[in-house]
Amino acid sequence: MRPRFLTRRAIQLALTANALRPPRGERAAIPAFFAGWLTGELAPHLLALTAADTAAHLARHGARSRSDRVALGLSALSAAGLGALVVNSQRARGKVEQALAEALGPRYIEDLSRPPDPNDLATPWGQLVFPFRMHSPDVRRDRNVAYAPGGKRFLMDIYRPKEPVEGRPVLLQIHGGAWMIDSKDHQGIPLMQHMAQRGWVCVAINYPLSPKARWPEHIVAIKRAVAWIRDNIAGYGGDPTFLAATGGSAGGHLAALLALTANDASLQPGFAEADTTIQACAPHYGVYDFAATSGSPASEYRLKTLLARYVVGKDPVEHLDEYIAASPLDRVNEKAPPFFVIHGENDTMVPVPEAREFVRRLRETSPNPVAYAELPGAQHAFDVFPSIRSAHVVRGVERFLEWAYLRSLAE
């Protein structure tokens with residue numbers, strides 16, 4: 001039992017160290033993500049487990065052997081590291097609020113219809129005890145509504161208040177997964193549940209996946225979903241005149257591109273007349289440098305190993321214009337709606353300089369506010385389930401979206 005205790009403590013310390021300081025480099029990105037993602041977001045739970053495991057071992061075996069003493073030292077180091085991860089998670093609240101105040105004005109909260117009270121800003125510990133239980137009795141979910149012909153990749157789920165509503169703002173959630181995997185069922189749920197509880201109508205969509213689907217089928221499908229929302233969402237209590245978009249990773253790329261290509265006829269074959277404008281965008285850890293025009297090694301590696309092989313399927317040198325047309329970084333324009341860009345400081349899948357450059361170009365060009373929150377210690381996909389960090393981000397996104405909605409009503 002004692003060697004096993006030492007092994008458990010060594011593994012936990014290695015995971016904690018990786019979450020605190022993940023290795024850099026393109027080849028280390030995926031292992032560092034998988035090793036650090038859950039550790040970072042479940043740090044309070046792992047801290048409690050470390051303490052319980054250590055206490056149980058001491059009660060049964062004491063600390064008589066050298067192995068025991070080494071394991072206890074590793075436990076102490078793990079506990080310190082996990083405590084640092086908890087502190088970093090709590091810092092998200094301040095970073096999010098600072099980002100909003102800088103972009104929207106220090107008194108923006110006074111303009112909200114329901115300014116946040118202390119409970120809104122506090123960490124919801126009760127909710128975080130069971131982070132994978134994501135259900136609210138106050139939210140109704142209409143499953144598998146078809147927005148276009150073509151089967152399950154053209155289905156959406158609609159989250160809305162259980163009690164009937166009318167004319168409520170709409171949020172479109174676009175899932176990530178490297179344009180190749182996953183579905184509407186696994187991402188953005190904490191945000192959609194929260195927004196639906198606040199009276200919003202939220203729509204989570206599937207879209208065609210690579211390598212079977214080739215670019216630009218993904219964004220075309222999303223624009224078809226927008227057209228469907230404009231025509232039909234009133235029947236679910238939504239306001240078709242206000243639509244915001246969000247999503248993470250590949251979903252962040254698609255949300256940002258949607259915001260920057262309103263009514264682009266080349267991306268709306270057969271429905272060019274449809275209005276595909278959106279009124280606000282809140283991408284999370286998005287891919288913005290699709291064409292690798294920034295010269296970033298991480299962007300170039302992604303272009304060669306993923307996008308050119310599986311998503312677009314064309315030589316990026318010979319067809320560079322097509323990659324640029326798909327790149328939010330290269331599509332920034334003066335018609336961009338308000339943005340709230342959110343990215344993790346420790347993101348190994350999409351390194352944070354990519355988000356910084358996207359924000360810089362947006363702020364140079366767009367007349368609308370661009371908020372940017374760079375979250376201390378956050379890895380990729382930090383918001384998939386409720387955690388300290390994601391809870392504060394969800395509430396900050398709510399404030400941003402509410403501000404954007406009220407602003408649109410006043411215009």
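Because only heavy atoms are used, hydrogens play no part in the values below, and waters and symmetry mates are left out as well, while side chains stay in.
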Participant: I'd like to know if the side chain of D289 reaches the main chain of T293, judged simply by a donor and an acceptor atom lying under 3.5 Å from each other, with no hydrogens or angles considered.
Facilitator: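 Answer holds: yes.
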Participant: Pairing donors with acceptors under 3.5 angstrom, does anything connect the side chains of S136 and H194?
Facilitator: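 Checked: S136/H194 side chains show no N/O donor-acceptor pair below 3.5 Å.
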Participant: Nearest 0.5 Å, please: how far is CG in D383 from CD in Q187?
Facilitator: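 It is 8.0 Å, given to the nearest 0.5 Å.
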Participant: Less than 6.0 angstrom separating the ring centers of H253 and F290, yes or no?
Facilitator: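 Judged by ring-centre distance (under 6.0 Å), H253 and F290 do meet the cut-off.
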Participant: Is a side-chain donor-acceptor pair under 3.5 Å present for T54 with S75?
Facilitator: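 S75 vs T54: donor-acceptor pair found between side chains.
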Participant: To the nearest 0.5 Å, how far apart are OG in S296 and CD in E300?
Facilitator: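 Nearest 0.5 Å value for the OG-CD distance: 7.0 Å.
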Participant: With rounding to the nearest 0.5 Å, note down the distance linking CD in E41 to CG in L128.
Facilitator: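 Here the rounded value is 10.5 Å.
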Participant: Dump the intermediate steps for side-chain hydrogen bond (donor to acceptor under 3.5 Å, both in side chains) on D347 and H380, then the final yes or no.
Facilitator: CA-CA 5 Å; D347 194 323; H380 204 68; 2.8 Å; yes
Participant: Considering non-hydrogen atoms only, spot the tightest contact between L100 and A371 and give its length.
Facilitator: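 Scanning both residues, the minimum pair turns out to be CD2-CB, 4.3 Å.
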Participant: Return yes if some donor-acceptor pair links the side-chain N/O of W37 with the main-chain N/O of A381 below 3.5 Å, else return no.
Facilitator: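 A pair under 3.5 Å: yes.
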Participant: Looking at L329, is its backbone amide N or carbonyl O close enough to the side chain of R361 to form a donor-acceptor pair, meaning the two atoms are under 3.5 Å apart?
Facilitator: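 Yes, R361 side chain to L329 backbone: donor-acceptor pair under 3.5 Å.
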Participant: Tell me whether R21 contacts the main-chain N or O of A17 through its side chain, where contact means a donor paired with an acceptor under 3.5 Å.
Facilitator: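 Not a single qualifying donor-acceptor pair exists.
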Participant: I'd like to know if the side chain of N368 and the backbone of A336 have a donor-acceptor N/O pair within less than 3.5 Å.
Facilitator: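 Such a contact is found between N368 side chain and A336 backbone.
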Participant: Looking at L85, L46, L74, L77, which hits side chain to side chain contact (heavy atoms under 4.5 Å, CB included) with T16?
Facilitator: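 Single side chain to side chain contact (heavy atoms under 4.5 Å, CB included) partner of T16 among L85, L46, L74, L77: L85.
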Participant: Taking only residues two or more places apart in sequence or in another chain, which ones pass salt bridge (charged side-chain N to carboxylate O under 4.0 Å, His left out) with R153?
Facilitator: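 Once residues adjacent in sequence are excluded, R153 has no partner under the salt bridge (charged side-chain N to carboxylate O under 4.0 Å, His left out) criterion.
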Participant: Please find out if less than 6.0 Å separates the ring center of F382 from that of Y285.
Facilitator: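 Yes, they do, as the ring centres are separated by less than 6.0 Å.
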Participant: Go through the steps to decide whether E354 and R302 satisfy the test salt bridge (charged side-chain N to carboxylate O under 4.0 Å, His left out), and finish with yes or no.
Facilitator: CA-CA 12 Å; E354 189 165 329; R302 181 178 60 230; 3.0 Å; yes
Participant: For the side chain of T261 and the backbone of D264, is there at least one donor-acceptor N/O pair under 3.5 Å apart?
Facilitator: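 Pair absent, no side-chain N/O of T261 close to backbone of D264.
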